[in-house]
Amino acid sequence: MRNKFYLSILMIFLISISTAELASAGKAGTLDERVREKILDNGLRIVVVERHTAPVFFTLISFRVGASHESPDHSGLSHFLEHMLFKGSKNVGTKDYASEVPIMDELEEIAGTIRDIQITLKPWRFKLFDEYAAKVKSELTAEIRQEIGSDEAAGWRAVLEQLPSDFTDLPEEWSRSQWLLKDRENNYWTLYRDLLEHRALLADLIVQQREFINQNELSQIYEMRGGRRQNAFTSYDQTTYMVGLPSNCLELFLYLEADRFTNPVFREFYSEKKVVMEEKRMYMDEPGGLLWETFMSTAFRAHPYGRPIIGWLSDIELTLRTDMEEHFKRFYAPNNCQLTIVGDVNAKEVFKLAEKYFGDWKPSKVADEMTVVEPEQNGERRIQVEFDAEPRLGIGFHVPVAPHPDSYALTMIDYILSAGRTSRMYKSIFVEQSLTASSPSTGQEPADRYPNLFYVEATPKAPHTTEEVETAILEEIEKLKDEPVTDRELERIRNRFKMHQLSRMGSNYALAFTINSAFVNRGDWRSVTEDFNRLEKVTADDIQRVAKKYFTAKNRTVAILVKPLEMAETETTGMEE
Amino acid sequence: MIKKHIAIGILLFAFILLIIPAASDAKKPQNYREIDTPEMKWEMPDYNIFALDNGISGLVVEDDEVPLVNFALYFPASPDPEERVVLAEMTAWTLRNGSSVNIPADSLNDIIEYKAAWLGVWAGPELLRIAGFCHKDDLDFLIGLAFELIENPAYPEEMIDLKRSTMLERIRRRYDRPRGIGFREFNKLIYPGHPYGRETSEETVNLISREDLLNYHRKVFNIGRSVIGFSGDVTTKQVKALVEEFSSKLQSGSEQIEPLPPAPEPAEPGVYYYRKDVKQAFITMGHQTIDYYDPQRHASEIMNFMLGGGSWTSILKQRIRVNEGLSYAVWSGFSTPVPVIGRFRASASTRLDQAGRTLALMKEVIEDYRQNGPTEEQFKRAKDAFVNSYVWKYEDSSDILYRLTYLMWRGLPLDTPTSDLEAYQNLTLEDVKQAARELLHPDKLITVVIGDEEKMDRPLSDFGKMHELNPTEE
């Protein structure tokens, strides 16, 4: 047996085994054979793959809108909207919608006033005042604090009582700075007090509305019926809602989702805004996330891929519910949407029920393609990002996306450089030179609908530096230009793609995501097969040509995460002791 | 032909829209409650078990939908000795990446990846697992490689060095991420000195030698104690013959595996603070709980589900996230591991100047829940969620493989999923209230806070005896 076993290994080295078997689809068939599609008259695409292996199905509802489609002062709106679409409709999530309406109107007016005051105050003055108020709040006596409990409005009113009403009573360093508090047009201090009063009113109304809200009802309905993976995500080019359900819930699902997207009510908007701002802060404390965000905004000067998906804090803070309603009306239309269902369902029944529930959803003139084109880069960009963490490195080159012919060679390069233990960077940089904490990663980022970046990220292993790692990465990239990649590398990657094609046929989740991405990036699920066929045909020459074309110093951005200067100094001293 | 259809479609559409607009609405239910979700009948998919003379036992879930196979080979393992924390991880990694004495590592990787297969070795405090995934025609080959690693491991020094240096880098990066710091410090306080709460140090990493790996290997890879599971396009007969063939040469050693020691006394309750310049405070609090065999295990799971567990609609999320907007990520976990007492842990991250408010509210919610438990409605919802989502445990044949092989390896009954489901169905509101009352201990909370106290709205000493964590001065 042992001999037979070794023989089989040897054979693999001697002859290139046929991988015809990998291409055979097995009982499951191929994606093209299995997909059923119907486009409703209103433009809604419904794509179904029946899989009856378990009595469940998985769904994705995707809109072709995301951070790429926001105006510069409304960054983060798509992501925030995604949160709001869990808040229910006129039918779901409410105990008495009619009673909610006047409260929401009032909330909107108060929020508008807060926003206006904040803008008049100017960001620097507002920050100064607000920090002062926070300090006063933190110094409230235990007794007062007890009284306030978790009542936010009471908290702001207690602060207002402690704050001087006139600027003459203010701390000395402030009252000497008259210009800070008052000018010919405005009494800023009075305005700020007014803002706090409005904050208290807003908090009161939020609590008042809660009486009429059936909080989290949509999530509860799914949860109680055994729903799984109930979630949503926003990227630059899509906002996608997902849930998996037992197969007895098909009609319920279609009812609820049609209701969700045709009758949404953005209740709890102003409390959810705080949640979104906390989400943003959470990402700001992640060293990898911070490097990424800064990297992208350096590489893209014009294109929205340079803005964080979640948006900038100041934009999120000033967003009003009415801004979101406009955004929603503009992009959430059936002709900008695909519903993907994979699992234990009957396609004909899905189409029939989808017509019933989504059929009278009105199409709209969805905004045109996002048209900003990133200007050609005219020289290397290099930045440092300070954070209390060990160093990291990011390198990126501007590249095209599918169906541009060069994009397929770039995908092959991505795999050649970093997929698995046989990849070049794994073998050379991580194992042989032992320069990094793990193998450097590569990818086409940050999204795939518009021209993006070929991105490499690595974490050096001390005592090796980011400079050494950068040099090693660039050497690997140079090699791609100097000599053709081997046939075995290409075959290995093709085999991997074939395997991936097979394995996803056995997973509701993987099938749904494959179909969905094709819609998001290319507008049609059929591009899955087209892209695969074009990947298969990439040659060693293509790779060499494409590497030379895009991997140039002029087209490169490099970002390095470093410790804040003063910290780094202390540490060096510490080590010498 | 096509045009004609479209024309009819448009006409019909217009007709419905203009003349009887209520017609399509009339068929639609006014409320989702009117939609029937008929009761589902489903059964756990079939599986076969087998046992070989050499002591290895196996399980097969046959599924020929796609021509692929998953397998997992489980060995009971010993926890790391105190002075050699990460011995198991280092052994597992070096075994896979160092390959066997007969096959150079590069060749091993090349043949596996050329076939687009996957082979992994993983080790924890009680378990070492070798798992693989491949085309059905490559199964002999991949199983052969797995057994080759067991029989003739190489453990080359250069790979040990590589793993050692990456572990040292991991130690260096230990304080990069606030939540990483929080979870690690919390575990150290809940399980002081125990394998669940031990921390690697430069010293322990440097102490581990090739000899240690070989000894660990010899001790753990005892074929008589192993369990192997398969799922995918295979037959039980085929798999049994295959395992028999490859495992026949392996010997059952006589070295015993040490069980995990019982959980130690946790650190004293109070606030443990690590200063870091960040935007958000990261708060995590909790205490020890019960183990798997405790009669309250099922009740504790539903209890925690409503408090802050899996549910989107849990009370912690409701109060702290939805109502107050204090945190994006707030949740709780309540573990009941098989060998050792588990831990309860509630966490949230929030802007520094509302850390005190959040911390106070978390404690209030936990205390309130301990006293009152869930409402009747919350309980019913949680129970429905548990029972109705049970079907997901059997979604894919590989899910079943991993679930059942784990049970086999643990020596737990294979019908545990069914008996668990019955147990959830039989729970009453009072059971869950009792679990909240008896299993939550707000007075014993160990609270870890990462952030900058100077920027917080309240002094942390308001919440218990303060302990400063200075882990950099190791």
>> Between Asn495(A) and Lys115(B), does the side-chain contact (heavy atoms from CB on, under 4.5 Å) criterion hold? Intermediate values first, please.
In response: CA-CA 7 Å; Asn495(A) 289 348; Lys115(B) 286 171 170 285; over 6 Å; no

> At a heavy-atom separation under 4.5 Å, does His500(A) approach chain B through its side chain, its backbone, both, or neither?
Replying inline: neither

> For Glu268(A), is it the side chain, the backbone, both or neither that has a heavy atom under 4.5 Å from a heavy atom of chain B?
Replying inline: side chain

> Which heavy atom of Glu113(B) sits nearest a heavy atom of Arg421(A), and at what distance?
Replying inline: OE2-N, 2.6 Å

>> Using 30° and 60° as the class boundaries, would you call the ring planes of Tyr255(A) and Tyr32(B) parallel, tilted or perpendicular?
In response: tilted

> Which atom names give the shortest non-hydrogen contact between Glu65(B) and Gly506(A), and what distance separates them?
Replying inline: OE1-CA, 3.8 Å

> Relative to chain B, which segment of Gln230(A) carries a heavy atom at a distance below 4.5 Å: side chain, backbone, both, or neither?
Replying inline: both

> Of the backbone (N, CA, C, O) and the side chain (C-beta and beyond), which part of Glu223(A) lies under 4.5 Å from a heavy atom of chain B, both, or neither?
Replying inline: both

> Partners of Phe305(B) by ring-ring contact (aromatic ring centres under 6.0 Å, His included), sequence neighbours excluded?
Replying inline: Phe386(B)

> Just by modelled atom types, is the Gly226(A) backbone N or O under 3.5 Å from a matching donor or acceptor in the Trp392(B) side chain?
Replying inline: yes

> What residue in Leu361(B), Asp277(B), Leu326(B), Asp353(B) has the most heavy-atom pairs under 4.5 Å with chain A?
Replying inline: Leu326(B)

> Of the listed residues (Glu158(B), Arg319(B), Arg179(B)), which shares the most heavy-atom pairs with chain A below a 4.5 Å separation?
Replying inline: Arg179(B)

>> Working note: Asp285(A) + Lys276(B), criterion salt bridge (charged side-chain N to carboxylate O under 4.0 Å, His left out); need CA distance, chi angles, decisive distance, verdict.
In response: CA-CA 10 Å; Asp285(A) 281 342; Lys276(B) 190 169 171 76; over 6 Å; no

> Is it the side chain or the backbone of Ala419(A) that comes within 4.5 Å of chain B heavy atoms, both, or neither?
Replying inline: backbone

> In terms of heavy-atom proximity below 4.5 Å to chain B, should Ser247(A) be classed as side chain, backbone, both, or neither?
Replying inline: both

> Less than 4.5 Å apart, any side-chain heavy atom of Met40(B) and any of Cys249(A)?
Replying inline: no

> chain B heavy atoms under 4.5 Å from Val92(A): which part of the residue, side chain, backbone, both or neither?
Replying inline: side chain

> Is there a side-chain contact between Tyr394(B) and Pro55(A) (heavy atoms, below 4.5 Å)?
Replying inline: no

>> Please classify the contact between Gln354(B) and chain A as side chain, backbone, both or neither, with a heavy-atom cut-off of under 4.5 Å.
In response: side chain

> Is it the backbone or the side chain of Arg210(A) that comes under 4.5 Å from a heavy atom of chain B, or both, or neither?
Replying inline: side chain

> If you measure from CE on Met282(A) to OG on Ser349(B), what distance do you get to the nearest 0.5 Å?
Replying inline: 5.5 Å

> chain B heavy atoms under 4.5 Å from Lys273(A): which part of the residue, side chain, backbone, both or neither?
Replying inline: neither

> Can you say whether Phe57(A) sits under 4.5 Å from chain B via the side chain, the backbone, both, or neither, judging by heavy atoms?
Replying inline: backbone

> Once you round to the nearest 0.5 Å, how far does CG of Asp110(B) lie from NZ of Lys427(A)?
Replying inline: 7.0 Å

> Has the side chain of Gln215(A) got a donor or acceptor atom that lies under 3.5 Å from a matching backbone atom of Val322(B)?
Replying inline: no

>> Please determine whether a side-chain nitrogen of the Lys or Arg among Glu217(A) and Arg33(B) lies less than 4.0 Å from a carboxylate oxygen of the Asp or Glu.
In response: yes

>> Main chain of Tyr114(B), side chain of Arg496(A): is a donor-acceptor contact present, judged purely on distance under 3.5 Å?
In response: no

>> For chain B, which candidate among Ala142(A), Ser150(A), Ser507(A), Ser438(A) shows the most heavy-atom pairs at distances under 4.5 Å?
In response: Ser150(A)

>> Is the shortest side-chain heavy-atom distance between Lys27(A) and Asp63(B) below 4.5 Å?
In response: no

>> Would you compute the distance between atom CZ of Arg458(B) and atom CG of Leu140(A) and round it to the nearest 0.5 angstrom?
In response: 10.5 Å

> Under a 4.5 Å heavy-atom cutoff, which of Leu162(B), Asn323(B), Ile320(B), Asn109(B) has the most pairs with chain A?
Replying inline: Asn323(B)

> Tell me, side chain or backbone of Lys87(A) under 4.5 Å from chain B's heavy atoms, or both, or neither?
Replying inline: side chain

> Looking at Arg170(B), Arg177(B), Arg351(B), which makes the most heavy-atom pairs under 4.5 Å with chain A?
Replying inline: Arg351(B)

>> Between Arg321(B) and Glu272(A), is the salt bridge (charged side-chain N to carboxylate O under 4.0 Å, His left out) condition met? List the steps.
In response: CA-CA 8 Å; Arg321(B) 175 174 159 148; Glu272(A) 193 65 21; 3.6 Å; yes

> Which bit of Thr313(B) comes within less than 4.5 Å of chain A, counting heavy atoms only: side chain, backbone, both or neither?
Replying inline: both

>> Taking side chain as everything from C-beta outward and backbone as N, CA, C, O, which of these in Leu252(A) sits under 4.5 Å from a heavy atom of chain B? Side chain, backbone, both or neither.
In response: both

> Where do Leu502(A) and His135(B) land on the side-chain contact (heavy atoms from CB on, under 4.5 Å) test, with the steps shown first?
Replying inline: CA-CA 9 Å; Leu502(A) 278 183; His135(B) 191 274; 3.9 Å; yes

>> In the structure I gave you, are the side-chain heavy atoms of Lys137(A) and Asp457(B) within less than 4.5 Å of one another anywhere?
In response: no

> Where does Tyr270(A) contact chain B at under 4.5 Å (heavy atoms): side chain, backbone, both or neither?
Replying inline: neither

>> Shorter than 4.5 Å, heavy atoms on both sides: which option in Ala382(B), Ser165(B), Ser398(B) has the most such pairs with chain A?
In response: Ser165(B)

>> Testing the basics here: between Glu395(B) and Ala54(A), what is the closest heavy-atom pair and its distance to 0.1 Å?
In response: O-CB, 3.5 Å

>> Working to the nearest 0.5 angstrom, can you tell me the gap between Thr422(A) OG1 and Ile112(B) CD1?
In response: 10.0 Å

>> Please give me the minimum heavy-atom distance between Glu278(A) and Tyr328(B), naming the atom from each residue.
In response: CB-N, 3.8 Å

> Taking it one step at a time, do Arg275(B) and Asp388(A) satisfy salt bridge (charged side-chain N to carboxylate O under 4.0 Å, His left out)?
Replying inline: CA-CA 12 Å; Arg275(B) 197 200 164 283; Asp388(A) 176 13; over 6 Å; no

>> Ignoring hydrogens, what is the shortest heavy-atom contact between Asp176(B) and Ala389(A)? Give both atom names and the distance.
In response: OD1-CA, 3.2 Å

> What are the two closest heavy atoms between Asn388(B) and Arg225(A), and how far apart are they?
Replying inline: CB-C, 3.5 Å

>> Between Lys279(B), Glu34(B), Gln280(B), Lys317(B), who has the most heavy-atom pairs with chain A when the cutoff is under 4.5 Å?
In response: Gln280(B)

>> Under 4.5 Å from any heavy atom of chain A, what part of Arg357(B) do you find: side chain, backbone, both or neither?
In response: side chain

>> Testing the 3.5 Å rule here: is there a donor-acceptor pair between the side chains of Glu39(B) and Asn248(A)?
In response: no

> Does any heavy atom of chain B fall under 4.5 Å from the side chain of Glu279(A), the backbone, both, or neither of them?
Replying inline: both

>> Once side-chain hydrogen bond (donor to acceptor under 3.5 Å, both in side chains) is applied, do any residues pair with Arg504(A), and if so which ones, sequence neighbours excluded?
In response: none

> When rounded to the nearest 0.5 angstrom, what is the spacing between OG in Ser434(A) and CZ in Arg164(B)?
Replying inline: 12.0 Å

